[in-house]
Structures are given as structure tokens and as C-alpha cells.
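Keep in mind it's a predicted model, so treat the numbers as computed, not measured. The sequence lines fix the lettering, A, B, ..., with proteins before strands; numbering per chain opens at 1.
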Number of protein chains: 2
Amino acid sequence: MSSETKTRRRRKAERPAEILDAAFEEFVQHGYSATRLEDVAARAGVTKGTVYFYFDAKERVFEEMVRHKSQTFLPDLAMQAEKAEGSYTERLQALVAYTYAHIAENRDSREVLRFLISEGGRFPELVDRHYDEFVMPMIDQFKQLIDAGVAAGEFRDAPASEFVEIIMSPGLLVCLWSLVFGTRKHFDLDAFTRASTDLILRGLAK
Amino acid sequence: MSSETKTRRRRKAERPAEILDAAFEEFVQHGYSATRLEDVAARAGVTKGTVYFYFDAKERVFEEMVRHKSQTFLPDLAMQAEKAEGSYTERLQALVAYTYAHIAENRDSREVLRFLISEGGRFPELVDRHYDEFVMPMIDQFKQLIDAGVAAGEFRDAPASEFVEIIMSPGLLVCLWSLVFGTRKHFDLDAFTRASTDLILRGLAK
DNA sequence: TATTATTGACTGACCCGAAAGTCAATAGTA
DNA sequence: TACTATTGACTTTCGGGTCAGTCAATAATA
């Protein structure tokens, strides 16, 4: 490995992330209980002892790994919302498309959701953190846009504008489909995105 | 236990289901890998040996348990569709409401979904079976209704009518919300159902 | 009807591999 | 030399799976 040549100090700075990345792959493949920390270590190119040098228990590795993999999407979405232009319809359309595409492409987010579903009971703090730092901000982001659209008279003040979750639900379906069926059952993402946005925008239109 | 008084022959007829019910509870609480067959046995009021008398491996217990818990909703939905009356809008509305309510109330279906998400990789046959016997029929049920509505000129021939999955996606969101947050984060199901159906019907209307 | 033989659901002690976690020794680095 | 990141052998616990044996229920027999 080329990284072997680096100094120990530099290695120390990188080790935790390396271990967490390795842990991610193992946890994805086998689930929390069935992954062996020894395999995680091997994948990271170290031994079990080293893992315990940085983390004091398997649970901690898992928690840190989820935290490590959760810090991507949100800033991007905010930026996307920032730079959106045109009518509120167009902006919403763009934001929805961006979100769906992200879910479809970003394996990390998807697998984090899987972890929350399968291991959430064992790690309630993780679930709460995710709610505060991910679910709520995301909902707010969309809510803001829709409220503005309603205020501008472009969207009707319908029940749906009160429940932004609805708008995100087709995205969730895409995510779930991918988690359960992978690529085994075909799914036409483009067509689905078009159909969903069409339905949503029409449902909101005045 | 009153059941102790039953004859051995009668017990044999009931044991498997008893064990599978116990297994369901344990698997729900701890996940596949972390459940001990000994605890399953204890919950069913027998010993591990008895479990192995009826099932030849832990995997089999899990598979049979999922099968055991999957046989409810579909016939009910078909019946509901059968006896639906009024305009296609009204029928669709009724069917959607029925589906969402079922998801919200039926713990078994919800947990089966959790199993598919968390253990689907380990049990691909289970996933395929579920697709054939549950997902596809459900989609067909809705598709039939919508096609009829389009043919009758009541719904427009929109992209959404091609992708029935969209209509089911708010229901999935409810399900997921419940799986991840349980009752910890409040969710107004009635309002959500109203808002979703409103959006869907308006999106489909001519 | 009373006695005995047979069956088979069920038990629980046991085996064994596996994995979490420990730690004394080592080797690279400042 | 002092320090610390890393090793890998070791301990311990735990749980899936096995199997020889038990005993209640039933069938066969007198």
C-alpha cells in the first residue's frame, strides 16, 4: 500500500477515517451484529488491536461511522436552494429533481437510512441526532420554498403545502426500492421523477 | 399454562405457529443476528431442542416467520377494491385511505418491511417472493383502478397514471416514519392522509 | 378393563467455533 | 532515549447446533 510509506503521525491523523470507511463497507454487507471487528481491521489494513486503540467498543465504531457518513447532503441542498432561480414552480422542480437524483446516486445516504431502520432501536441517540440534523432541516428547506410560493400567490394554500413530507415521499420510495431490490428489479428513475414532479406541481398549482 | 392441558397431538399442530410468533417478537427486538434461538424457545414456552425439532436452522425459523406474518393484507385490499362504489375519484380515495390506515395500524406488515430492508441481502428469495406476492399485486390493484378512471375520462392520461408507485409513496413514508421514530416524534396521520389524497386526486383530475 | 409395549414430542447437557475485548511486547519516530 | 502506534496471542463468553435419553399418550394384548 502506498499509504504505508507515510509517517506515523500522518497515519494517526488518517487512521480513524480509514477504519470508519472500512467499517461502513463491512456493516453494509453484514449488518451490525454479524460484522466482525477483525474484518473491519483487515479491510483498513490494520489489526483488531489498532481498532481498539481508536475506539473503545464496537458500538462506538458504529456510531462514529454513521456520523462520519452523514455529513454530506444538507449543505449541498441549501446551496442548491440558494442559487435556484425563476418561478417558484421552477425552483421547486429543480430542488425535487436534485433531491431525487442525490438519493438515487448517493450510496452512503441510502445505507445510513438502512442503518437507522435496522439498528435504530439499539442506537436511539443516533436516530434523534439524525432527526435534528437531517430530517427537520430538510423539511424546513422545502417548507420555506413552498411558503414563499404560497405567499407569492403561485401555489394554492392547499393541505399539501402544510405537509412537505408528501413531496419528499416519492424520493423515499426510490431510496427504499434501491435498498430492497437493488438493481434486481428495474426502475425507471427519470420517468418516475418526471411523473412525481408533474403530480406535485399540478397538485400545488393555483 | 392452560395450553399445557391439551393433548400432545394437538400441541404438535400448534407449536410451529407458537414458535414463529415468539420468533417474530424476538427478531423485531434484536434483529436477525442478535436474537438467540434459546430466547425464542423460552418465549414460546419450550426449549431450544424443540425449536430444532420443528425447524432445521435459525435461517429457516426466520424465513418461515416472515412467510407466516405476510399473509394478511392483500386479500383485504382486493375485497375493498371490489366493493368500492361511486366515481373513480371516490373509489381511489377510499382505497388510498384504506391502505394508509392499514400501514399505520398493522405492526406485522411494518416489521416485515423492516426485515426485508435489514436482512434482504441475506435472504434474497424472501425479497423476490415478497415482490411477486405483495408488491406487484398491490401495484396492479391500483393500476387497474386508475386505468379504468382514465378510460372513463375521469382522470387525465398523465405521467402519474403510468407510475402508480407514486400514489403509494406517502403510505410508505408513514410506514418508515413509524419504523424509525416509533411514537417518539409525533405524526398527524389523519392530516397527512387528507393532504396526500388531496394532492394525488388533484394531480390526476382532468 | 387392566397391563404392557411402542411411539414421538420434548428436554437439557454438551460440543465447538467464533468473536469481543485485553494486554504485554515490539517497533517506528521524534 | 522516551514515547506511542501497532501488533497478535490470549481470555472469556456466548450461541448455534447435536443427541442420548425421558415420559406422557396411545395402541396392542390378555
Between B/Thr197 (side chain only) and B/Thr193 (backbone N and O only), is there a donor and an acceptor less than 3.5 Å apart? yes
With the side chain of B/Thr50 defined as its heavy atoms from C-beta on, choose the nearest nucleotide among D/dA5, C/dT11, D/dG8. C/dT11
Check the angle between the aromatic planes of A/Phe115 and A/Phe62 and answer parallel, tilted or perpendicular using the 30° and 60° thresholds. perpendicular
Could you check how far OH of B/Tyr54 sits from C1' of D/dG16, rounded to whole Å? 20 Å
Please determine, for the side chain of A/Phe53, which listed nucleotide (C/dA9, D/dT7, D/dA5) has the closest atom? D/dA5
Spacing between B/Phe55 atom CZ and D/dT18 atom C1', to the nearest angstrom: 18 Å
Encode nucleotides 16-23 of chain C as B, S and - characters from 5' to 3', where the letter depends on protein heavy atoms closer than 4.0 Å: B to the base, S only to sugar-phosphate, - to neither. ---SBBB-
Non-neighbouring partners of A/Ala34 that pass side chain to side chain contact (heavy atoms under 4.5 Å, CB included), sequence neighbours left out: A/His30, B/Ser33, B/Arg122
Looking at A/Arg43 and A/Asp21, is any side-chain nitrogen of the basic one under 4.0 Å from a carboxylate oxygen of the acidic one? no
Contacts satisfying salt bridge (Lys or Arg N to Asp or Glu O under 4.0 Å) that involve residues 80-89 of chain B (not counting sequence neighbours) are none
Aromatic rings A/Phe181 and B/Tyr131: how do their planes relate, parallel, tilted or perpendicular, breaks at 30° and 60°? perpendicular
Whole Å only: how far is the CZ atom of B/Arg15 from the C1' atom of C/dT11? 12 Å
